[in-house]
> 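Can you read through this structure? Questions will come right after.
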Amino acid sequence: MRNALLWILWLTATLLGAGALGAAVFLGGDRSPLAPGETTGVHHQVELACETCHAADPWDDFADSKAQLKDLNKTCRGCHDDELKVSNDSHPRKKFRDPRMADYWAKIDARDCTSCHVEHAPEITRPMGVTLAEDFCVACHSEGDQDVRVNRPSHAGLGFDTCASAGCHNFHDNRAIYEDFLVKHADEPWLKDHAVLPLRAARLEGGEPIAKIRGDALTLAQADAPAEALERTLEAQLAGWEGSAHAAGGVNCAGCHAPKGAKKGEAEKIAAEWDDAVEIKTCAKCHRSEAQTFTEGRHGMAFNKNVEGPRKLKKRLKAVGLKGMEEELPAAILAFLDDPSPEDVPMQVSRARVALAPDAPHDALTCASCHDPHTADTQFARVEACASCHVDDHSRAYFDSPHYALFQAEAAGEGAPGSGVGCADCHMPRLEHPDTGQVFVTHNQNETLRPNEKMIRPTCLSCHGLGFSIDALADAALVRGNFAGKPSARIESIDWAVKRVTTEGSRQ
């Protein structure tokens, strides 16, 4: 009798627990209990939008693990392919799809991202989301004519767990550390004679395109802002807007707060559409490249076009043969089918996995978090906006660094245009668009973040020699102290490259 009672209690508790979990997941939209483990890096921003990665319908090809894996890897490429193309990927997927590479598939099948990057496995995840052992290069580069210990005498005594050491090799992006590039820049001094950021300097020397409009900002604003909106607007905002690039470009209040009405120039439509908050898609109409790269980076990933939104109710009803029954089914069933998972929401500061200030000035990240839309103060966005959130050692040390001294000197008119170095100049530098040649500020921090050698070509080499740049980025303590000094060790990759080229040249 006692055992029967215990079984009843156990079954009751199990059913109640399962019911609570089901309600939380399927009715409340909280999918976090379904995650088998912590996600990698910043993927936590989209981890509740499960279909972003798990694109295959769970009931399609249920028993076909290869089909599921194929769809999973396809979603990886959907987000990362463009970046790999720009990086001139050293190990592109197409290389390993060649049948002549079949012998390597059993070692590491580099046709699939998931061979090296397994999600939801924090216990085996290393930097950059790699889930293989550090010596994974041994699989392909330790035998026959691919044995680097034979081909490269300089590598004879090295272990395969040192291949990816800073300044040596990366699996994908080697733009700043491949042999010809090392040789070309071998004799550069640690600091160049004209140490400036060229794209920024060109913009400043050509005259900042921010001509202050002469006139009364309030009068200009009244031209298209509803009276009730003006009542909520501070005079400081209007004064800031008057001297901004927006005003110089003819972007009035409604241009951002009621863009459709502003385009038609009709006061009634402006008033009806007016919204005090400005969406990223409004900013993107003028700042296309910046907005696009924002969605590719850590701050704006939640807005990326590849992030799957909630399932649509009508589509789900149709899939289960209940088309047109939106009004007839019980509310609980409709809630389950409608999938109330998170919509496109900005990155939440509270969910960040890096050290951020507990009193950060905003709860979520949008364009306006760093850019005051009324003043368009890019100087604030270069440094203070970053420091208002980031409080790690590297960020704190910036204000005692030579880079900050240069930033202050340039701001005071004592330094050459482009000689100041702010946070954004290294982590979100100006780039030239590969197709249009247009200069824009990338808002994708991944462009220069990891591996940190990615920072060398777009930023470091503007002021420093290649050897110094490699050594500095390989010195973890120097990076943590924001480069307040010189590297403590020398990476030998340039010396080895020069010796190899010189030796082979003398043999010919």
Side-chain angles (χ1 to χ4, degrees), residues 42 45-46 79-80 82-83 85-87 197-204 206 208-210 240-241 244-252 255-257 259 262 277-307 344-347 349 361-362 364-390 418 420-449 454-455 457-459 462:
V42 294
Q45 295 188 44
V46 298
C79 286
H80 296 283
D82 289 343
E83 183 180 1
K85 289 176 183 177
V86 171
S87 72
L197 300 167
L199 295 179
R200 177 171 171 76
R203 182 172 185 264
L204 294 172
E208 284 276 3
I210 303 177
W241 169 81
S244 72
H246 285 161
V251 180
N252 216 328
C256 296
H257 293 281
V278 177
E279 297 182 359
I280 182 176
K281 62 183 180 182
T282 301
C283 304
K285 290 182 178 179
C286 295
H287 305 281
R288 188 179 301 275
S289 295
E290 285 79 2
Q292 173 63 34
T293 52
F294 175 71
T295 69
E296 295 168 353
R298 293 169 171 248
H299 291 161
M301 181 187 297
F303 295 107
N304 193 284
K305 64 182 180 181
N306 291 306
V307 175
D344 290 344
V345 293
M347 164 63 185
V349 173
H362 35 259
L365 291 173
T366 65
C367 303
S369 300
C370 301
H371 300 279
D372 182 336
H374 296 102
T375 63
D377 184 356
T378 56
Q379 287 292 91
F380 174 82
R382 286 175 68 198
V383 173
E384 294 298 335
C386 308
S388 67
C389 280
H390 293 277
V421 184
C423 309
D425 295 316
C426 294
H427 295 286
M428 293 189 289
R430 277 182 168 79
L431 302 175
E432 285 191 49
H433 195 285
D435 298 325
T436 65
Q438 175 193 15
V439 175
F440 70 100
V441 177
T442 180
H443 283 57
N444 178 4
Q445 302 80 13
N446 298 327
E447 294 272 9
T448 61
L449 195 59
K454 292 165 70 174
M455 187 177 288
R457 293 186 73 148
T459 59
S462 298

> Are the side chains of Ser289 and Gln438 in touch, meaning some heavy atoms are under 4.5 Å apart?
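Yes, their side chains come closer than 4.5 Å.
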> Looking at Gln45 and Ala302, what are the two nearest heavy atoms and their distance?
OE1-N, 4.0 Å
> Do Thr448 and Pro458 come close enough that some side-chain heavy atom pair is under 4.5 Å?
yes
> For Pro373 and Ala368, which heavy atoms make the closest approach, and how far apart are they?
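Taking Pro373 first and Ala368 second, the nearest heavy atoms are CD-CB, 4.4 Å.
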> Test side chain to side chain contact (heavy atoms under 4.5 Å, CB included) on His299 and His443 and set out the steps.
CA-CA 8 Å; His299 291 161; His443 283 57; over 6 Å; no
> Any heavy-atom pair between the side chains of Leu449 and Arg298 that's under 4.5 Å?
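When only atoms from C-beta onward are counted, Leu449 and Arg298 do touch, with a gap below 4.5 Å.
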> Heavy atoms only: give me the nearest Cys426-Val421 pair and the separation to one decimal.
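Heavy atoms only, the tightest pair is SG-CG1, 3.8 Å.
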> Sub-3.5 Å donor-acceptor pair from the side chain of His433 to the main-chain atoms of Asp435, do we have one?
yes
> Would you say Asp425's side chain and Gly422's backbone share a donor-acceptor pair under 3.5 angstrom?
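Checked: pair present.
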> Can you check whether Gln445 reaches Met428 side chain to side chain, under 4.5 Å on heavy atoms?
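Result yes, sub-4.5 Å side-chain heavy-atom pair found.
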> For residues Pro361 and Ser388, report the shortest heavy-atom separation together with the two atoms involved.
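Smallest heavy-atom distance, with atoms named: CD-O, 3.5 Å.
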> Taking the side chain as every heavy atom from C-beta outward, state whether Cys367 and Val278 have any pair of such atoms under 4.5 Å apart.
no
> Any chance you could measure Cys423, atom SG, to His390, atom NE2, to the nearest 0.5 Å?
8.5 Å
> I'd like to check Arg430 versus Arg203 (side-chain heavy atoms, cut-off strictly below 4.5 Å). Are they in contact?
yes
> Which heavy atom in Ser462 sits nearest to a heavy atom in Pro198, and how many Å separate them?
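Smallest interatomic distance, heavy atoms only, reads OG-CD, 3.4 Å.
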> Just wondering, do Thr295 and Ile280 contact through their side chains at under 4.5 Å, heavy atoms?
yes
> In Å and rounded to the nearest 0.5 Å, what is the CD to CE distance from Glu296 to Met301?
10.5 Å
> Show your working on side chain to side chain contact (heavy atoms under 4.5 Å, CB included) between Asp377 and Asp372 and close with a plain yes or no.
CA-CA 7 Å; Asp377 184 356; Asp372 182 336; 5.6 Å; no
> Of all heavy-atom pairs between Pro429 and Thr459, which one has the smallest distance, and what is that distance?
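Scanning both residues, the minimum pair turns out to be CB-CG2, 3.6 Å.
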> The test is side chain to side chain contact (heavy atoms under 4.5 Å, CB included); show your working for Lys454 and Glu83 and say whether it passes.
CA-CA 12 Å; Lys454 292 165 70 174; Glu83 183 180 1; 2.8 Å; yes
> Counting N and O atoms only, with roles assigned by atom type, does the side chain of Trp241 sit under 3.5 Å from a partner on the main chain of Val251, one being a donor and the other an acceptor?
yes
> Can you tell me how far the OG1 atom of Thr378 sits from the CZ atom of Arg200, to the nearest 0.5 Å?
6.0 Å
> Quick one: NE2 on His362 to SG on Cys370, what's the gap to the nearest 0.5 Å?
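Between atom NE2 of His362 and atom SG of Cys370 there are 5.5 Å.
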> Any chance you could measure Thr375, atom OG1, to Phe380, atom CZ, to the nearest 0.5 Å?
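Separation between the atoms: 8.5 Å.
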> Could you tell me if the side chain of Glu432 sits less than 4.5 Å from the side chain of Leu199, heavy atoms only?
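Yes, side chains in contact.
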> Can any side-chain N or O of Ser244 pair as donor or acceptor with the backbone N or O of Ala247 at less than 3.5 Å?
yes
> Enter the distance from Gln292:CD to Glu290:CD here, rounded to the nearest 0.5 Å.
11.0 Å
